[in-house]
Amino acid sequence: MTDSPGLTERDLEDSPFSDFLGFELLLDDADRELLSSVRAFMTREVEPVINEHWTRGEFPHELVAGLAELGIAGLAYDGPGCPARGALVDGMVAMELSRIDPSIGTFMGVHGGLAMGSIQLCGSDEQRERWLPAMARMELIGAFGLTEPDVGSAISQGLATSARRDGDGWVLNGEKKWIGNASFADLVVIWARDEDDGEVKGFVVEKDTEGMTFDVQRDKIALRVVQNAEIHLRDVHVPEANRLQEATGFASTANVLRVTRMGVAWQAAGCARGAYEHALRYTKSREQFGRPIASFQLVQDLLVKMLSNVTASTAMNVRASQLQDAGLLRDEHASLCKVHSTVRMRETVGWAREVLGGNGILLEHHVGRFVADAEAIYSYEGTREMNTLIVGRAITGESAFV
């Protein structure tokens with residue numbers, strides 16, 4: 001038997017206690033250093049203030065400069081100005097962000113994943129040069145407008161926002177809903193159906209464009225820090241230069257979603273991991289009957305179940321990200337990861353709240369925030385049911401979509 005290359009007892013001991021099998025050791029030194037920087041920033045700058053922002057339903061704009069300095073926007077992309085660090089480290093960074101706060105993880109997923117990904121994968125060389133460097137520096141913040149008030153899972157067939165050619169530009173009309181970052185974004189990617197050929201096309205609509213207005217969605221029980229908005233498009237004029245030149249149909253949109261769906265799987269693993277870590281710390285400090293509750297058999301049973309879920313989700317996501325780096329990731333791979341990670345996340349945060357008893361619903365212990373935020377992660381980027389049917393179609397050859 002030979003040792004695995006690069007793995008030593010010292011290295012494994014250096015891994016975070018929730019990285020039970022040392023997945024971070026798969027990264028090279030530079031990527032591990034980046035991950036460590038993200039962990040330090042989130043622990044030092046975000047965790048102490050995030051509950052207050054969550055309670056108020058406000059986004060911490062003052063943290064954007066620090067996030068920008070980390071250099072993690074569009075981390076996996078190799079477009080102009082982008083870090084080009086690969087899918088595996090990108091996924092682990094997404095997990096690290098959500099381990100402290102899923103809302104910050106979602107904010108970065110929308111900006112660096114969906115918005116930048118749309119331009120990277122569907123834009124022309126000129127468009128990538130025009131927008132990506134500033135977005136990578138987070139001087140321009142992006143949003144992604146696909147979902148509509150009356151259409152969610154069936155968006156590929158039921159997208160109602162229209163695009164009409166008008167001289168050297170386009171006119172957009174319609175409604176979007178649940179669009180993260182929209183109310184303060186500098187660039188909003190809007191997906192609309194061409195009235196002439198019926199194909200879905202992408203458009204980059206710049207901030208303060210006449211006819212585009214927003215209503216921030218209030219009273220959410222999950223991801224309260226994320227500023228989701230309804231977008232109203234009333235005769236919005238967009239120049240041809242802002243139409244994503246390589247977006248020729250919904251298949252182009254799906255190419256973006258395939259990549260970002262993996263990001264959500266990583267976010268789910270991070271949400272579960274954060275809840276587990278807080279629960280484990282609590283059990284070591286909380287005493288009942290003269291003993292820390294960590295010494296109770298039923299508590300240890302729940303802790304091991306949580307750790308098993310976190311570890312299994314991470315392992316699945318690692319392999320899929322390796323396939324992504326090799327250019328082999330398929331829709332069903334990303335969907336399976338999203339299904340598994342979100343189901344196990346929901347289970348894990350519930351157990352973490354159970355371990356804390358009544359204290360589990362208090363924000364001061366953080367777990368309650370993870371319990372609430374998990375509900376949004378469970379649903380967006382494709383519900384469990386829809387992603388299940390994508391995998392089911394792949395393994396049976398039969399489509400069960402209605």
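None of these values were measured; they are calculated from a predicted model.
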**Prompt:** side chain to side chain donor-acceptor pair (under 3.5 Å) between N51 and E364: does it pass, once the steps are laid out?
**Reply:** CA-CA 8 Å; N51 281 343; E364 66 181 273; over 6 Å; no
Distance-minimising heavy-atom pair for [X] and [Y]:
X: E246; Y: G123; value: CG-O, 3.6 Å
X: A143; Y: V110; value: CA-CG1, 4.0 Å
X: A222; Y: A376; value: CB-CB, 3.8 Å

Looking at side-chain heavy atoms only, is the closest gap between [X] and [Y] below 4.5 Å?
X: L187; Y: K207; result: no
X: Q120; Y: R128; result: yes
X: L302; Y: F296; result: no
X: L70; Y: S37; result: yes
X: N242; Y: P239; result: yes
X: K305; Y: D301; result: yes
X: N387; Y: K338; result: yes
X: R243; Y: V238; result: no

**Request:** Measure from NZ or CZ of K201 to the centre of the six-membered ring of W191 and say whether it is under 6.0 Å with the direction within 45° of the ring axis.
**Result:** no
**Asked** Which of these passes side chain to side chain contact (heavy atoms under 4.5 Å, CB included) with Y378: T342, V349, V264?
**Response** T342
Polar side-chain atom of [X] near backbone of [Y] as donor-acceptor pair, under 3.5 Å:
X: T311; Y: S308; answer: no
X: D215; Y: I231; answer: no
X: Q127; Y: S124; answer: yes
X: D325; Y: L88; answer: yes
X: R39; Y: T43; answer: no

Please determine whether a side-chain nitrogen of the Lys or Arg among [X] and [Y] lies less than 4.0 Å from a carboxylate oxygen of the Asp or Glu.
X: R393; Y: E398; value: no
X: D29; Y: R32; value: no
X: R369; Y: D101; value: yes
X: E69; Y: R137; value: no
X: E277; Y: R273; value: yes

Within 6.0 angstrom of [X] [atom1], more than 12 heavy atoms from elsewhere:
X: E139; atom1: CD; answer: yes
X: L362; atom1: CG; answer: yes
X: L298; atom1: CG; answer: no

**Step-by-step side-chain contact (heavy atoms from CB on, under 4.5 Å) determination, D373 to W54** = CA-CA 10 Å; D373 288 349; W54 194 94; 3.0 Å; yes
**Message:** side chain to side chain donor-acceptor pair (under 3.5 Å), that's the test. Do T161 and E148 meet it? Break it down for me.
**Reply:** CA-CA 8 Å; T161 298; E148 298 180 349; 2.7 Å; yes
**Item:** Atom pair CD/CG of E381 and L146 - distance to nearest 0.5 Å
**Value:** 9.0 Å
**Prompt:** Would a line drawn from the ring center of W170 to the ring center of F203 be shorter than 6.0 Å?
**Reply:** yes
**Asked** Do H111 and F144 have their ring centres less than 6.0 Å from each other?
**Response** no
**Fill in**
Taken in chain and number order and not counting sequence neighbours, the residues that satisfy ring pair (Phe, Tyr, Trp, His ring centres under 6.0 Å) with H366 are H278
**Request:** Mind running salt bridge (charged side-chain N to carboxylate O under 4.0 Å, His left out) on K220 and E375 for me, showing each step along the way?
**Result:** CA-CA 11 Å; K220 296 185 300 175; E375 289 305 297; over 6 Å; no
**Asked** Stepwise, does the side-chain contact (heavy atoms from CB on, under 4.5 Å) test hold for L63 with V46?
**Response** CA-CA 8 Å; L63 296 176; V46 177; 3.9 Å; yes
**Request:** List the steps, then state whether salt bridge (charged side-chain N to carboxylate O under 4.0 Å, His left out) holds for R130 with E126.
**Result:** CA-CA 6 Å; R130 192 191 334 165; E126 184 278 328; 2.9 Å; yes
**Request:** Determine, step by step, whether Q227 and N181 satisfy the side-chain contact (heavy atoms from CB on, under 4.5 Å) criterion, reporting the C-alpha distance in whole Å, the side-chain angles of both residues, the deciding distance to 0.1 Å, and the verdict.
**Result:** CA-CA 5 Å; Q227 300 301 290; N181 304 353; over 6 Å; no
**Message:** Tell me which pairs pass ring pair (Phe, Tyr, Trp, His ring centres under 6.0 Å) where either residue lies in residues 208-261, with sequence neighbours left out.
**Reply:** none
**Test salt bridge (charged side-chain N to carboxylate O under 4.0 Å, His left out) applied to R165 and D196, step by step** = CA-CA 8 Å; R165 190 64 191 256; D196 288 336; over 6 Å; no
**Request:** Given side-chain contact (heavy atoms from CB on, under 4.5 Å), test V355 with M306 step by step and report yes or no.
**Result:** CA-CA 11 Å; V355 163; M306 285 186 267; 3.9 Å; yes
